[in-house]
Amino acid sequence: MGIDVIVVGLGFGADFVPIYQAHESVGRVAVVDSNPDRTASVADRFDVADRFASLEEALHAPGWDAVHLVTPVALHAGQVQQVLKSGRHCASAVPMATTLNDLDQLIAAQDEAGRNYMMMETAAYSREYFHARSLLDSGRLGRPAYFRGEHLQNLDGYPPYWLGYPPMHYVTHALSPALALTGERVESVRCLGSSRLTSDHIGVAGEGFGTEAGLFKLSGDEDLVANVTMSFFQLGRSYLEGFSVYGDSGALEWPQLEGGPMKEFAMLPHEPGQRGRVVIEKDVCPTGAADLLPESLRRFTDGGHSGSHPHLVHEFVSSILEERRPRVDARTAATWTAPGICAHQSALQGGTEVFVPDYGAR
Ligand SMILES: NC(=O)c1ccc[n+]([C@@H]2O[C@H](COP(=O)([O-])OP(=O)(O)OC[C@H]3O[C@@H](n4cnc5c(N)ncnc54)[C@H](O)[C@@H]3O)[C@@H](O)[C@H]2O)c1
């Protein structure tokens, strides 16, 4: 018994197969990859009986309640629509899509199908995110004042579809924590490209930049800004993917080097006659929020992307069972994705301010 789930795309997607299998409310799990060797090897590794040769074949099979797409970015928009039109619920890897038109189409597809769409944003379920959330909720950071995000990753040698990929089209990991923590959206963005792509790095998207640096103005009366740097090419720096949050009485900073401790800051009250306020700093290694998960999924919080994968699976499955929208439904996903599309547009226009549509996310 339970819902039956098909996982499509078995590179990163393979990580999710054992988590669905362990979920007490999931019945059967099937796998699909366009590469039959990969399908066979993942199915054998996790003892999966149900294997399909293509998404189309899977969608023609009777039964099966939900599909989790972990396929290349350019396929997301079309495949999500195929899944929703077939009457199944659909989870999709980030990004939701890479054009504003596709974001609109996916919101319409979710609404018309009356099925759940969820963008599987790892950054909004990471240990660090849960820690930042608890610091803000307990008042230890004070009022939010500023955000930073960085995703620096060298994509040389990745599958060819990544060649020349506009870095801001993948902004969600670095930006969504600020939006999730505040509940705000991005009103407008000014972004500059840095390091014009060399001819050997230009891909299907055409000319662009190895690095893009954007200032995202959040909605609300506080004039908050998220300062996000994205880089995929031509930057001699090791991998970094994280966010920092600053309040008026404390802060939480992502480590300079992945895997290191975060820095937590607490600013003491101002003393008369003192120049500047004293700030106490300490190292923290957030442990996550395994207690939010069913017992059978807790062991997976030791896994990739800061323990986020079991939380994503649990939210997707629970939203279906509870007949409610998932936390990152199509409107929220568009709210987190569109700022990057607009940021790349701004970079191509030399840094002009670009206004971001309001998708009416709750
Ligand atoms: N932290 C995160 O959220 C995170 C991390 C890594 C990757 N991703 C996303 O996950 C997706 C997959 O990433 P990856 O690194 O595994 O990519 P990949 O290209 O290495 O693997 C994609 C897999 O999908 C298969 N595939 C391609 N076309 C298919 C089709 N039409 N039907 C079925 N299978 C098909 C390929 O054979 C391959 O096995 C991407 O969209 C990426 O953006 C997200």
Side-chain angles (χ1 to χ4, degrees), residues 6-17 19 30-43 45 50-61 67-83 86 90-98 102 106 118-129 149-163 165-177 180 203-205 230 232 239-243 258 300 303-313 315-316 328 333 336-337 340:
I6 305 169
V7 180
V8 185
L10 302 175
F12 174 44
D15 287 6
F16 290 90
V17 173
I19 307 177
V31 291
V32 182
D33 197 287
S34 53
N35 175 343
D37 293 340
R38 199 167 248 194
T39 308
S41 94
V42 172
R45 180 162 21 127
D50 295 289
R51 315 160 179 205
F52 298 106
S54 66
L55 174 63
E56 290 70 23
E57 186 185 302
L59 295 181
H60 276 111
V67 175
H68 181 167
L69 297 168
V70 203
T71 48
V73 174
L75 303 180
H76 292 175
Q79 289 185 331
V80 168
Q81 292 183 68
Q82 266 182 282
V83 172
S86 81
C90 187
S92 168
V94 303
M96 182 184 195
T98 54
D102 278 345
L106 294 188
M118 176 167 166
M119 183 173 80
M120 301 299 252
E121 177 50 71
T122 48
Y125 288 91
S126 66
R127 290 176 207 114
E128 295 81 1
Y129 174 80
E150 270 133 8
H151 185 167
L152 315 176
Q153 184 171 6
N154 182 268
L155 298 189
D156 286 338
Y158 269 61
Y161 62 83
W162 285 111
L163 199 60
Y165 188 91
M168 277 291 170
H169 282 187
Y170 211 81
V171 79
T172 61
H173 295 332
L175 177 66
S176 66
V204 287
M230 299 288 305
F232 287 156
Y239 168 70
L240 189 69
E241 183 188 312
F243 69 94
E258 280 296 316
F300 295 103
H305 299 103
S306 289
S308 58
H309 303 171
H311 290 282
L312 290 165
V313 165
E315 171 61 7
F316 181 50
V328 191
W336 293 359
T337 306

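Whatever order the structure lists them in is the order used to number ligands and atoms, beginning at 1.
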Taking Thr71's backbone N and O only, do any of them form a donor-acceptor pair with His76's side chain (distance below 3.5 Å, no angle check)?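 Between the backbone of Thr71 and the side chain of His76 there is a qualifying donor-acceptor contact (under 3.5 Å).
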
Give a yes or no on whether the backbone of Glu241 and the side-chain of Glu258 come within a donor-acceptor separation of less than 3.5 Å.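 Checking the backbone N and O of Glu241 against the side chain of Glu258, a donor-acceptor pair under 3.5 Å is found.
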
Provide, to 0.1 Å, the distance between [atom] and the closest protein heavy atom, together with that atom's residue and name.
atom                    : value
atom 3 (O) of ligand 1  : His173 CE1, 3.3 Å
atom 13 (O) of ligand 1 : Phe12 CB, 4.2 Å
atom 42 (C) of ligand 1 : Tyr170 OH, 3.6 Å
atom 11 (C) of ligand 1 : Thr71 O, 3.4 Å
atom 25 (C) of ligand 1 : Asp33 OD2, 3.2 Å
atom 26 (N) of ligand 1 : Ser34 OG, 3.3 Å
atom 24 (O) of ligand 1 : Gly9 CA, 3.5 Å

Going by the atom numbers of ligand 1, which of them fall below 4.0 Å from some non-hydrogen atom of [X]?
X      : answer
Leu75  : 28 (N), 29 (C), 31 (N)
Val73  : 41 (O), 43 (O)
Pro159 : 19 (O)
Val8   : 33 (C)
Gln79  : 30 (C), 31 (N), 32 (N)
His76  : 41 (O)
Tyr161 : 17 (O), 18 (P), 19 (O)
Arg38  : 21 (O), 38 (C), 39 (O)

State whether the shortest distance between N or O atoms of [X] and N or O atoms of ligand 1 falls below 3.5 angstrom.
X      : answer
Val70  : no
Val94  : yes
Glu241 : no

Looking at His305 versus Phe12, is the centre-to-centre ring distance below 6.0 Å?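 Between His305 and Phe12, the centre distance is under 6.0 Å.
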
Hey, could you give me the OG/CD distance between Ser92 and Glu121, rounded to the nearest 0.5 Å?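 The CD atom of Glu121 is 11.0 Å from OG of Ser92, to the nearest 0.5 Å.
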
Between CZ on residue Phe300 and CG on residue Asp15, distance to nearest 0.5 Å: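 It is 10.5 Å, given to the nearest 0.5 Å.
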
Can you tell me which residue pairs pass the salt bridge (charged side-chain N to carboxylate O under 4.0 Å, His left out) test with a partner in residues 154-163, sequence neighbours excluded?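 The answer is none; no pair qualifies.
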
For His151 and Phe232: C-alpha separation, side-chain torsions, deciding distance, then whether ring-ring contact (aromatic ring centres under 6.0 Å, His included) applies. CA-CA 8 Å; His151 185 167; Phe232 287 156; 5.4 Å; yes

Is there a side-chain contact between [X] and [Y], using heavy atoms and a 4.5 Å cut-off?
X      : Y      : value
Val67  : Leu59  : yes
Val31  : Val17  : yes
Met118 : Leu312 : yes

Over 60° means perpendicular and under 30° means parallel, so tell me whether His169 and Tyr165 are parallel, tilted or perpendicular.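 Because their plane-to-plane angle is over 60°, the rings of His169 and Tyr165 count as perpendicular.
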
